[in-house]
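Before any comments, here is the structure.
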Amino acid sequence: MTAQRIDGNALSQILRADVTKRATALKAKGITPGLAVILVGENPASQVYVRNKVKACHDSGLHSLLEKHPDTLTQEALLDRIGALNQDTSIHGILVQLPLPKHIDAQKVIEAISPAKDVDGFHIASAGALMTGMPGFWPCTPYGCMKMLESIGYELKGKHAVVIGRSNIVGKPMALMLLQMNATVTICHSATQDLKAITLQADVIVAAVGKRNILTADMVKPGAVVLDVGMNRNEEGKLCGDVDFAGVEQVAGYITPVPGGVGPMTITMLLVNTLEAAERI
Ligand code: GUN
């Protein structure tokens with residue numbers, strides 16, 4: 001059996017068309033949804049990410065403001081900028097691209113963003129809202145994974161979902177979202193013993209470690225749904241995920257490719273969150 005691919009680009013197109021439609025309706029009421037993107041320093045990967053986010057805003061009819069700062073920017077100056085953007089009525093979402101330079105305390109910066117504008121969903125208020133099932137912004141990558149499961153009509157209730165990785169950005173919020181949909185959830189991480197014994201029991205596997213080939217065909221139950229959050233480079237410099245795609249594709253029921261899977265969905269959910277921040281005004 002060859003797995004069906006869940007196409008993140010195709011699903012993004014559908015969801016982004018809806019964002020554009022709703023943004024147009026807001027504009028008719030005099031509100032243009034706006035996202036501020038802050039980049040500190042010269043990290044090449046971050047530069048690509050912020051460029052893609054700003055372009056996606058433009059393509060979907062959202063206003064965006066890109067602020068690039070040198071890596072000499074002080075924490076105090078960054079906190080001042082966030083304070084000003086919290087007050088700026090043309091801005092509904094604020095995103096500070098991570099990682100930040102070492103002299104800046106990233107958590108302190110995130111906590112300075114108003115939870116009403118925390119479209120990345122990284123603020124502890126957003127994390128607490130997700131944990132307790134209250135309204136709030138969900139982190140974009142796991143939120144995108146949930147939309148991918150929804151797009152195939154997958155019923156999570158009673159299923160065993162295994163998340164590999166426990167980051168605050170993906171692994172932990174992913175587990176909470178799956179739990180909210182009544183899956184039985186296991187979180188695996190670097191200290192997990194016998195990862196394969198656990199993944200073989202899974203109906204859904206989310207690989208979010210940042211390591212190539214963390215999941216191979218012998219670790220997957222036939223028919224399982226495999227979502228690949230990894231963004232790595234192989235020996236030839238080609239983008240690849242955490243999953244051995246060629247092998248796992250032969251066993252899984254559904255699989256997300258890299259590129260063209262979860263990646264575009266992350267930006268799509270950022271647009272959705274920004275739009276919703278503006279709609280909540
Ligand atoms: N760095 C890597 N991924 C992300 C993300 O989703 N948001 C922000 N702000 N920084 C990141």
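As the structure lists them, so they are numbered: ligands from 1, and atoms in each ligand from 1.
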In terms of residue, atom name and distance, what is the protein heavy atom nearest to atom 4 (C) of ligand 1? Q97 NE2, 4.1 Å
May I ask you to identify the nearest protein heavy atom to atom 9 (N) of ligand 1, giving residue, atom name and distance to one decimal place in Å? D120 OD2, 2.6 Å
Of L227, L215, I164, D228, which meets side chain to side chain contact (heavy atoms under 4.5 Å, CB included) against D242? D228
Which ligand 1 atoms are under 4.0 Å away from a heavy-atom of [X]?
X: L95; answer: 9 (N)
X: F122; answer: 5 (C), 6 (O), 7 (N), 8 (C), 9 (N)
X: V96; answer: 8 (C), 9 (N)

Please state which option from T266, V50, L98 has its nearest heavy atom closest to atom 10 (N) of ligand 1. L98
For the atom pair CG (L11) and OG1 (T268), what is the distance rounded to the nearest 0.5 Å? 7.5 Å
Looking only at side chains, do H103 and Q75 share a donor and an acceptor under 3.5 Å apart? no
Under a 3.5 Å cutoff, is there a donor and acceptor pairing between the side chains of H58 and S64? no
Assess R212 against F245: is NZ or CZ under 6.0 Å from the centre of the six-membered ring, and within 45 degrees of the ring's axis? no
Tell me whether the NZ or CZ atom of K159 lies within the 45° cone about the ring axis of Y154 and under 6.0 Å from its centre. yes
Heavy-atom contact check, 4.0 Å cutoff: does Y49 meet ligand 1? no
Do any heavy atoms of M269 fall under 4.0 Å from ligand 1? no
Common cluster, V37/F122, ILVMFWY with side-chain heavy-atom separation under 4.5 Å: no
Any nitrogen or oxygen of I169, side chain or backbone, less than 3.5 Å from one on ligand 1? no
